[in-house]
Amino acid sequence: MRAIKKFLVMMFFISQSINANACETIGLNIKFHDLNTKIHVEIADTFLKRKKGLMFRKHLALNSGMLFVYDYPQKAKFWMRNTFIPLDIAFADGTGRVVTLVQHAKPLQHELIDGGDNIKYVLEINAGMAKKFNLFEGSMLEHPIIQLDAGKFC
């Protein structure tokens, strides 16, 4: 009986790590009314990954971005210090709904960009791509990590 319990616990942890890895390889869907755009995203879901973000990079592929995932909704402020790529930045609540969109954030700026309160997700993409991706205030970000937070699994 003890061996069965150990086996079940081990299988649980293995399946959770597989689910987490699967979440990182699936694209992000941006939905605005009947329009859907899928892009590739890197996930920044730890303090260190969020702290580094896209700093020191010279290039971001056109149909990609970085999705910042916070442990709980909070006030979110970003800056462009050490960021060489101009960005559009979308701040979303716990459901993935974009509540603030900042377009054409200038590289290397030290002024804080205020995304608002109760922010759980932040999406950074190349500047000028928001319209192409149907990314507006009110758009929905759909990704397995967002659904995981809602109690669903990948």
Q: Show the nearest heavy-atom pair for residues Pro144 and Gly27, with the distance to one decimal.
A: CD-O, 4.5 Å

Q: Taking the side chain as every heavy atom from C-beta outward, state whether Met66 and Arg57 have any atom pair closer than 4.5 Å.
A: yes

Q: Hey, which of Val69, Asn29, Ile43, Leu123 is the one that makes side chain to side chain contact (heavy atoms under 4.5 Å, CB included) with His143?
A: Ile43

Q: Give a yes or no on whether a salt bridge exists between Glu111 and Lys106, defined as a side-chain N under 4.0 angstrom from a carboxylate O.
A: no

Q: Rounded to the nearest 0.5 Å, how far apart are CG of Asn134 and NZ of Lys131?
A: 10.0 Å

Q: Honestly curious: do Phe56 and Met80 fall in one hydrophobic cluster under the side-chain, below-4.5 Å linking rule?
A: no

Q: In Å, rounded to the nearest 0.5 Å, how long is the span from CG of Asn82 to CG of Leu108?
A: 7.0 Å

Q: When rounded to the nearest 0.5 angstrom, what is the spacing between CG in Asp71 and CG in Asp45?
A: 8.5 Å

Q: Decide, yes or no, whether a salt bridge links Lys75 with Asp114 under the criterion of side-chain N to carboxylate O below 4.0 Å.
A: yes

Q: State plainly whether one hydrophobic cluster holds both Phe84 and Met55, where clusters connect Ile, Leu, Val, Met, Phe, Trp and Tyr through side-chain heavy atoms under 4.5 angstrom apart.
A: yes

Q: Return the minimal non-hydrogen interatomic distance between Gly94 and Ile146, and the atom names on each side.
A: O-CG2, 4.4 Å

Q: Would Val99 end up clustered with Val122 when hydrophobic side chains under 4.5 Å apart are linked, directly or stepwise?
A: yes

Q: Among Leu87, Leu67, Leu60, exactly one meets side chain to side chain contact (heavy atoms under 4.5 Å, CB included) together with Glu124. Which residue is that?
A: Leu87

Q: Once you round to the nearest 0.5 Å, how far does CD1 of Ile113 lie from CH2 of Trp79?
A: 11.5 Å

Q: Please state whether the rings of Phe32 and Phe136 are parallel, tilted or perpendicular, taking 30° and 60° as the class boundaries.
A: tilted

Q: Is there a side-chain contact between Thr95 and Met140, using heavy atoms and a 4.5 Å cut-off?
A: yes

Q: Taking Leu101 as the starting point, is it possible to reach Leu141 by hopping between hydrophobic residues whose side chains are less than 4.5 Å apart?
A: yes

Q: Mind checking the CZ-NZ spacing from Phe68 to Lys49? Nearest 0.5 Å is all I need.
A: 11.5 Å

Q: Give a yes or no answer on whether the side chain of Asp88 reaches the backbone of Gly128 with a donor-acceptor pair at less than 3.5 Å.
A: yes

Q: What about Ile85 and Phe91, same hydrophobic cluster or not, with Ile/Leu/Val/Met/Phe/Trp/Tyr joined at side-chain heavy-atom distances under 4.5 Å?
A: yes

Q: Measure the NE2-CG distance between His104 and Asn126 for me, rounded to the nearest 0.5 Å.
A: 11.0 Å

Q: Just by modelled atom types, is the Asp93 backbone N or O under 3.5 Å from a matching donor or acceptor in the Lys120 side chain?
A: no

Q: Without swapping roles, check the side chain of Ser64 against the backbone of Ile39 for a donor-acceptor pair under 3.5 Å.
A: no

